[in-house]
Number of protein chains: 2
Amino acid sequence: MSENEGIATPPTNITQTIERLDQMQDELPKRLKQCASFTRRHLHLVAVSTVSDMAKASGVAPSVYIRFCQAIGFSGYSEMQGLFRVQYTSFRPDYEQRLAQVRPDVAQGSGQLLGEFAEAGHKSLLSLGNSVANEGLNSVASGLAQARILHLLGMRRAFAVVSNMSYLLGKMDVPALLHTDVGHLDSPPLMTPDDALFAVTFAPFSEDVIQQAREAAERGVPVYGLSDSEKCPLFEFAREELIVHEHEVAGFRALNASITLTTALSVLVGSQRRES
Amino acid sequence: MSENEGIATPPTNITQTIERLDQMQDELPKRLKQCASFTRRHLHLVAVSTVSDMAKASGVAPSVYIRFCQAIGFSGYSEMQGLFRVQYTSFRPDYEQRLAQVRPDVAQGSGQLLGEFAEAGHKSLLSLGNSVANEGLNSVASGLAQARILHLLGMRRAFAVVSNMSYLLGKMDVPALLHTDVGHLDSPPLMTPDDALFAVTFAPFSEDVIQQAREAAERGVPVYGLSDSEKCPLFEFAREELIVHEHEVAGFRALNASITLTTALSVLVGSQRRES
DNA sequence: CCGAAAATGGAATGAAAATTCCATATGGGA
DNA sequence: TCCCATATGGAATTTTCATTCCATTTTCGG
């Protein structure tokens, strides 16, 4: 028995975990600080790695990494890993119970709801780090950077995404055209094979967007896509496609992963163009 | 040479795995087909689940699930899981070395840049939870919910924010009007004191937005604001104002906190209106 | 309806991982 | 400089997991 200086209560969600990580950063001994630092920047690895993996990557011994988990407030690595795995496994009986605690759902308190969306945002950003799609980010960026004019297409929920891109690209002097009104797009001279089209659509997919993109592709315009599902029809004709997954709260999704990905993409396009 | 009914070579990537799954679907015995069917629909679970998890979820015994993995061509579950984990990690032993270098510099590698934005996103969401402004979220929501028509105003970086709100509110049958073109706004009959204006502007503040909002306020229209600074001129005449802080990467800001806050706000407005 | 071949599930085994323990190293204060 | 408290890493232990084995059941051809 002794003074457990550590906090007794384990974090119950990702948000709390990150907070505690940041907050303890300063008061930890050297090796544990290494763990905190690495983990903070590679949260998405926890769900799919073993202690020795994380320890090695942090540059410490496995036992040290476990001590780190305990310093954070968990009973050990397994408990911490469990927290990060829940987001992938919400349907399983064992996990459903935990999930129920984390998510006393629906729009009651406002702070409550905001917290839920923030948590969902964290998760979305985590799976963004995990996504296979990211590997293609560079090649999509160079594809878009070569375009004479970059056409942006997206409706409903996706419209915010492309309008944000439009703003960023404009700020970096990349010639980009945001197609706000479907219909005036298909005037033939507007898009040429020298251009590129970046189309965004989430399930259930917008017929208009698909249609416009398909016609562009048939006309020889390189089409790149962003979606939240592999079943997206854009896949049929797009050069490359990025995929993001947004977690939802009470049936609503924010745009954290999408906006973050496309912001990074826009900056990449901007910097690649500047180099040439 | 010999007659192993199973295919000798294991799939080397996810695509191959899926193909083989689909292709074998018909020629498998009942229980194994169950495994194939469930796994096909929940591929993402493999990386973070144990055999017994997958077996239970598929409705079979663990040993059966392993036999299923072998039928696909893997040596066992571990090998199959390894394939799925690699997709998530891109995990290299020499990680911590790179890490030290990468941290300070900016827009070089693409995955790195995305990681930086994800990191900034986490921070933004954290400060969102901490911010004082959020306490006012409920009262802003009820203010907006009482409006006959909810006018949305935002330009540049803020435009994506209000257009997202416009979509969400529309989806919930809240009468909202997105002002895309400044200038046609100030036709007097368009906004009345029965309405409300939600204006978004980030530093450096858009003159147009401030001006429009001020005129609306002088005409008796309740104005609510969202900004990233307390120095925002909207403060001078807005009923209430929300504040978010977005972390930046290489001079660029994503919209994680803003989008998350306004998404929550929109849902609140929608649910409050439904109650009356 | 019978028998052989295949399929299935539970128990036994072996491997790997998480966690604890302990001897050694390190750093800060007297 | 010495001493004590704390930190650290490797070895030992325990737990969990993957895999194999085998008895039982099911299926299908005759």
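Note that this is a predicted model, so its numbers are computed, not measured. Letters go in sequence order (proteins before strands), and every chain restarts at 1.
Of all nucleotides listed (D:dT20, C:dG9, D:dA18), D:dT20 comes nearest to the side chain of B:Q70. Minimum atom distance to the side chain of B:R31 is reached by C:dG9, of the listed C:dG9, D:dT20, D:dA18. Between C:dA7, D:dA18, C:dT19, one nucleotide has an atom nearer to the side chain of B:P29 than all others, and that is C:dA7. When distances are taken from the side chain of B:T50 to each of D:dT8, D:dA18, C:dA17, the shortest belongs to D:dA18. Candidate nucleotides C:dA18, D:dA18, C:dT8 were compared by shortest atom distance to the side chain of B:S52, and D:dA18 ranks first. Here D:dT19 is the nucleotide among D:dT19, C:dT8, C:dA18 with the atom lying nearest to any side-chain atom of B:I66. Side-chain proximity of B:R67 to C:dA18, D:dC21, C:dC21: nearest is D:dC21.
The closest side-chain donor-acceptor pair between A:Q34 and A:R31 falls under 3.5 angstrom.
Comparing B:S78 and A:K30, the nucleotide of DNA chain D nearest to each residue sits closer to the 5' end for A:K30.
Counting to the nearest Å, the P atom of D:dT6 and the CG atom of A:L32 are 14 Å from each other. Atom CE of B:M80 is separated from atom C1' of D:dT19 by 16 Å (rounded to the nearest Å). Between the P atom of C:dA18 and the CE atom of A:M54 lies a distance of 11 Å, rounded to the nearest Å. Between the P atom of D:dA18 and the CZ atom of B:F74 lies a distance of 15 Å, rounded to the nearest Å.
Here the side chain of A:S124 pairs a donor or acceptor atom with the backbone of A:H247 at under 3.5 angstrom.
Because its NZ or CZ atom is both nearer than 6.0 Å to the ring centre of A:F202 and within 45° of the ring axis, A:R157 counts as a cation-pi partner of that residue.
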task: Determine, step by step, whether A:Y65 and A:T39 satisfy the side chain to side chain donor-acceptor pair (under 3.5 Å) criterion, reporting the C-alpha distance in whole Å, the side-chain angles of both residues, the deciding distance to 0.1 Å, and the verdict.
output: CA-CA 10 Å; A:Y65 196 89; A:T39 306; 2.7 Å; yes
